[in-house]
Amino acid sequence: MGIINVNDIRIYTNHGCMEEEAQIGSDYRVDVRLKADLSVSEKTDELKDTVDYVSIYNIVNEEMQKRAKLLEVVVDRIIAKALEKHNTIEWIKVKVAKINPPIGGDVGSVSVEGKGERK
């Protein structure tokens, strides 16, 4: 088993409950941490035998582009898609942060974290 991290994925998209957020959009940062069976890829040195970072980025990007009111929904979609696509993932943690959220105060970011496990 091994841990793979894909950190600080930056995406501009339009999540949120306010109509302004749907129209204007915001900056987001996504971090993914996963545990996977890397025993085959450690021996073969082949990309097809591991969880490809590009695939994780593409899953994040694809799910982030689908508008949602709540970050919880986006986190859950990313987790579900990664587990569906990569059968070597044992567990995955995803953190989605909205940078400079429109909450009427000086706040750098708000974030939601979730974890999914293979059953």
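Hydrogens, waters and symmetry mates are skipped; everything else that's a heavy atom, side chains included, is used.
Closest approach of Asp31 and Asp8 over heavy atoms only: OD1-N, 2.6 Å. Closest heavy-atom contact between Val75 and Val112: CG2-O, 3.6 Å. Between Ala82 and Ile89, the shortest heavy-atom contact is O-CD1, 3.7 Å. Taking each heavy atom of Lys98 and Pro102 in turn, the nearest pair found is CD-CD, 4.2 Å. In this structure, Val51 and Ala36 approach most closely via the heavy-atom pair CG2-CB, 3.9 Å.
Here the CH2 atom belonging to Trp91 is positioned 6.0 Å from the NZ atom belonging to Lys115, to the nearest 0.5 angstrom. With rounding to the nearest 0.5 angstrom, the OH atom of Tyr53 is 9.0 Å from the CG atom of Leu47. Ile78 CD1 to Ile56 CD1: the interatomic distance, rounded to the nearest 0.5 Å, is 10.0 Å. With values rounded to the nearest 0.5 angstrom, Gln23 atom CD is found 10.0 Å from Asn14 atom CG. Separating the CD1 atom in Ile99 from the OG atom in Ser111 is a distance of 9.0 Å, to the nearest 0.5 Å. In this structure, the separation between CZ on Arg29 and CG on Asn7 is 9.5 Å, given to the nearest 0.5 Å.
The side chain to side chain donor-acceptor pair (under 3.5 Å) analysis of residues 58-74, with sequence neighbours excluded, yields the pairs Asn61-Gln65, Glu62-Lys81, Glu63-Lys66, Glu63-Arg77. Annotation: ring-ring contact (aromatic ring centres under 6.0 Å, His included) contacts involving residues 97-119, sequence neighbours excluded, are absent.
Checked against side chain to side chain contact (heavy atoms under 4.5 Å, CB included), Ser41 has the following partners two or more places apart in sequence or in another chain: Leu38, Asp49, Thr50. For Arg33, the side-chain hydrogen bond (donor to acceptor under 3.5 Å, both in side chains) partners at least two apart in sequence or on another chain are Asn5. Under the side chain to side chain contact (heavy atoms under 4.5 Å, CB included) criterion, Glu113 pairs with Lys95, sequence neighbours left out. Considering only residues two or more places apart in sequence or on other chains, Ser109 meets the side-chain hydrogen bond (donor to acceptor under 3.5 Å, both in side chains) condition with none of them. Remark: Lys35 pairs with no residue by the side-chain hydrogen bond (donor to acceptor under 3.5 Å, both in side chains) rule, at least two apart or across chains. When the side chain to side chain contact (heavy atoms under 4.5 Å, CB included) test is applied to Ser55, the partners found at least two apart in sequence or on another chain are Asp52, Ile59, Lys85, His86. When the side-chain hydrogen bond (donor to acceptor under 3.5 Å, both in side chains) test is applied to Asp45, no partner is found at least two apart in sequence or on another chain.
Contact check for Ile92 versus Leu83: side-chain heavy atoms found under the 4.5 Å cut-off. Side-chain contact between Tyr28 and Arg10 is absent, with no heavy-atom pair separated by less than 4.5 Å. Two residues are said to be in side-chain contact when any heavy atoms from C-beta on lie closer than 4.5 Å; Glu90 and Glu117 fail this criterion.
Both Ile11 and Val74 belong to a single network of hydrophobic side chains, linked directly or stepwise wherever heavy atoms of I, L, V, M, F, W or Y lie under 4.5 Å apart. In terms of hydrophobic clustering, with Ile, Leu, Val, Met, Phe, Trp and Tyr side chains grouped at heavy-atom distances under 4.5 Å, Ile79 and Val73 are assigned to different clusters.
Its side chain within the 4.5 Å cluster rule, Tyr12 clusters with Ile24 among the Ile, Leu, Val, Met, Phe, Trp and Tyr residues. Annotation for Val54: hydrophobic cluster partners, listed by chain and number, are none (ILVMFWY side-chain heavy atoms under 4.5 Å, direct or chained). The other members of the hydrophobic cluster of Ile103, by chain and number, are Val107, Val110 (side-chain heavy atoms under 4.5 Å, ILVMFWY only).
Within 6.0 Å of CD in Glu20 there are 12 or fewer heavy atoms belonging to other residues, nucleotides or ligands.
In this structure, His15 contributes its side chain and Leu70 its backbone to no donor-acceptor pair below 3.5 Å.
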Stepwise side chain to side chain contact (heavy atoms under 4.5 Å, CB included) check, Val32 with Lys93: CA-CA 6 Å; Val32 177; Lys93 294 180 182 178; over 6 Å; no
